[in-house]
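Just so it is clear, the values below take in all heavy atoms, side chains as well, and ignore hydrogens, waters and symmetry mates. Order of listing sets the numbers, starting from 1, for every ligand and every atom in it.
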Amino acid sequence: MPVTPPAAPADVPPADAAMPQDFDALLHQDPEVAGILLAESRRQSSTLQLIAAENFTSPAVLAALGSPLANKYAEGYPGARYHGGCEQADAAERVAVRRATTLFGAEHANVQPHSGSSAVLAAYAALLRPGDTVLAMGLAYGGHLTHGAPGNFSGRWFEFAGYGVDPDSGLIDYAQVRALARARRPKAIVCGSISYPRHPDYGTFREIADEVGAYLIADTAHPMGLIAGGAAPSPVPYADVVCATTHKVLRGPRGGMILCGSELAERIDRAVFPFTQGGAQMHTVAAKAVAFGEAAAPAFAVYAHHVVAHARVLAAGLEAEGFEVATDGTDTHLVVVDPAPLGVDGRTARDRLMAAGMVLDTCALPYGDARGLRLGTAALTTQGMDEADVARVAVLFGAAVRERGDAGRLRSEVRELAERNPPYPG
Ligand SMILES: *Cc1c(COP(=O)(O)O)cnc(C)c1O
């Protein structure tokens with residue numbers, strides 16, 4: 001049953017821009033910090049945000065984040081708090097949990113993790129003991145820091161085995177996943193990545209996990225918004241635990257969430273609080289509720305499908321510009337390209353793109369140790385770009401990397417394209 005957010009009462013003025021209503025007061029009291037916030041707002045609206053993990057959250061979400069619920073301590077869970085005065089905090093969390101379980105068809109949701117990494121930490125804490133073996137995508141292929149990086153808790157406390165992708169197709173090699181699972185007998189298998197542009201085959205991951213008696217953890221930090229909008233398959237029927245962020249394609253506040261079946265609900269809840277976190281950030285929990293309400297509306301499904309269509313336009317445009325496109329395209333919001341055919345390495349390409357006003361990351365490529373470029377279309381789509389705009393982004397991207405044409409003109413064309421599609425109109 002889709003959740004329809006109630007219409008705002010008629011006497012509430014519409015929030016019209018990124019800045020909260022009391023921004024003028026901040027400007028007066030603390031011009032130093034206010035100036036930084038204004039400059040950041042201008043940076044976001046005058047450059048193109050191609051970082052695949054970023055998006056523009058709505059004024060309604062920003063309003064919840066800037067609300068007095070930020071003042072409230074609420075350790076524990078609704079109806080069982082360690083602090084008094086939690087009536088509204090409980091109400092906000094109950095709405096967030098109800099909307100999350102409805103939106104994703106899950107039996108249980110925990111909406112308290114402070115971030116995607118906190119969600120993964122809690123999932124490991126619920127299911128594993130230090131020293132256990134975990135099979136996840138190798139860091140060199142797009143595994144996240146929490147999938148066994150030596151500088152992260154995961155790499156220190158668990159034994160990680162890493163699967164990769166086929167070097168020619170760039171696709172996950174399921175025969176290798178199965179062989180590694182049989183050889184290493186992991187306690188958990190993690191599927192999910194920071195740069196894999198295709199859908200994981202959750203059914204095959206489930207089969208492999210069952211064969212070796214492992215838990216299946218889906219880390220869908222990136223595609224959770226596509227899943228919400230029906231533009232990507234859901235891991236919920238297959239995975240024991242689903243970890244995600246709420247701020248990537250899902251377009252909510254910065255934060256994490258965990259979904260699971262009722263049999264693991266208590267273990268997951270205890271692993272979040274008190275095992276890995278203290279008091280939840282209740283203003284963020286309320287903002288998550290707002291974002292889930294937005295994601296349940298039909299307009300969000302349209303958005304999610306546009307994000308994917310735009311990523312395909314971007315991939316095709318970059319291929320035409322001479323870039324090597326990983327997996328020959330995309331099924332998601334992510335496009336990964338290698339600029340090597342243009343005679344430019346990834347870091348140089350990123351620097352040229354940044355100078356032209358296109359903000360993005362480098363990422364690992366599934367072969368050798370060259371760096372590729374990772375782009376996403378979630379933010380461009382939120383600010384209202386259409387396929388023609390995105391095709392133009394690909395041309396500007398190619399021009400910047402090749403240093404083709406006048407640099408000043410290129411920067412102003414990028415600025416115009418961004419400013420024609422303001423993320424916060426008004
Ligand atoms: C982004 C991401 C995370 C972590 O999210 P943070 O909020 O930055 O901690 C974890 N796993 C994957 C696969 C991600 O893409």
Side-chain angles (χ1 to χ4, degrees), residues 49-55 57 61 65 110-125 127 134-149 151-155 158 160 162-165 172 188-200 202 205 216-228 232 234-235 239 241-259 271-272 276-277 280-281 284-285 287-288 291 307 311 326 330-336 360-364 366 372 374-379:
Q49 311 313 313
L50 300 172
I51 292 178
E54 291 187 359
N55 209 334
T57 199
V61 167
L65 284 175
N110 187 306
V111 296
Q112 293 192 7
H114 299 325
S115 69
S117 298
S118 319
V120 178
L121 170 60
Y124 293 170
L127 304 177
V134 182
L135 178 58
M137 186 173 253
L139 270 12
Y141 300 93
H144 185 256
L145 288 170
T146 53
H147 304 169
N152 183 266
F153 75 89
S154 56
F158 304 103
F160 270 83
Y163 57 84
V165 297
I172 292 173
I189 299 178
V190 180
C191 57
S193 151
I194 61 169
S195 57
Y196 191 63
R198 302 290 178 173
H199 303 312
Y202 298 118
F205 271 112
L216 181 62
I217 300 173
D219 183 359
T220 53
H222 265 278
M224 203 57 167
L226 299 179
I227 295 162
S234 172
V241 176
V242 176
C243 299
T245 60
T246 48
H247 52 271
K248 295 182 182 174
V249 185
L250 190 49
R251 216 160 67 176
R254 307 201 71 74
M257 64 185 293
I258 302 177
L259 304 174
V272 175
T276 58
Q277 290 189 176
Q281 303 198 357
T284 307
V285 167
K288 288 173 186 174
V307 167
T330 181
D331 294 328
T332 65
H333 61 301
L334 274 164
V335 181
V336 172
L360 81 171
D361 305 313
T362 65
C363 70
R374 183 186 70 150
L375 302 80
T377 50

- To the nearest 0.5 Å, how far apart are CG in Leu135 and NE2 in His147? 11.5 Å

- Can you name the residues that form a side-chain hydrogen bond (donor to acceptor under 3.5 Å, both in side chains) with Ser193, not counting sequence neighbours? none

- Query: Does His247 reach the main-chain N or O of Gly255 with its side chain, forming a donor-acceptor pair under 3.5 Å?
  - Reply: yes

- Task: With sequence neighbours excluded, tell me which residues meet salt bridge (Lys or Arg N to Asp or Glu O under 4.0 Å) with Arg251.
- Result: none

- Message: Given 3.5 Å as the limit, does a donor-acceptor pair link the side chain of Thr246 with the main chain of Pro253, or not?
- Response: yes

- Note on the structure: The side-chain hydrogen bond (donor to acceptor under 3.5 Å, both in side chains) partners of Thr57 (sequence neighbours excluded) come to none

- Note on the structure: Less than 4.0 Å from some atom of ligand 1, heavy atoms are found in residues Ser115, Gly116, Ser117, His144, Ser193, Ile194, Asp219, Ala221, His222, Thr245, His247, Lys248

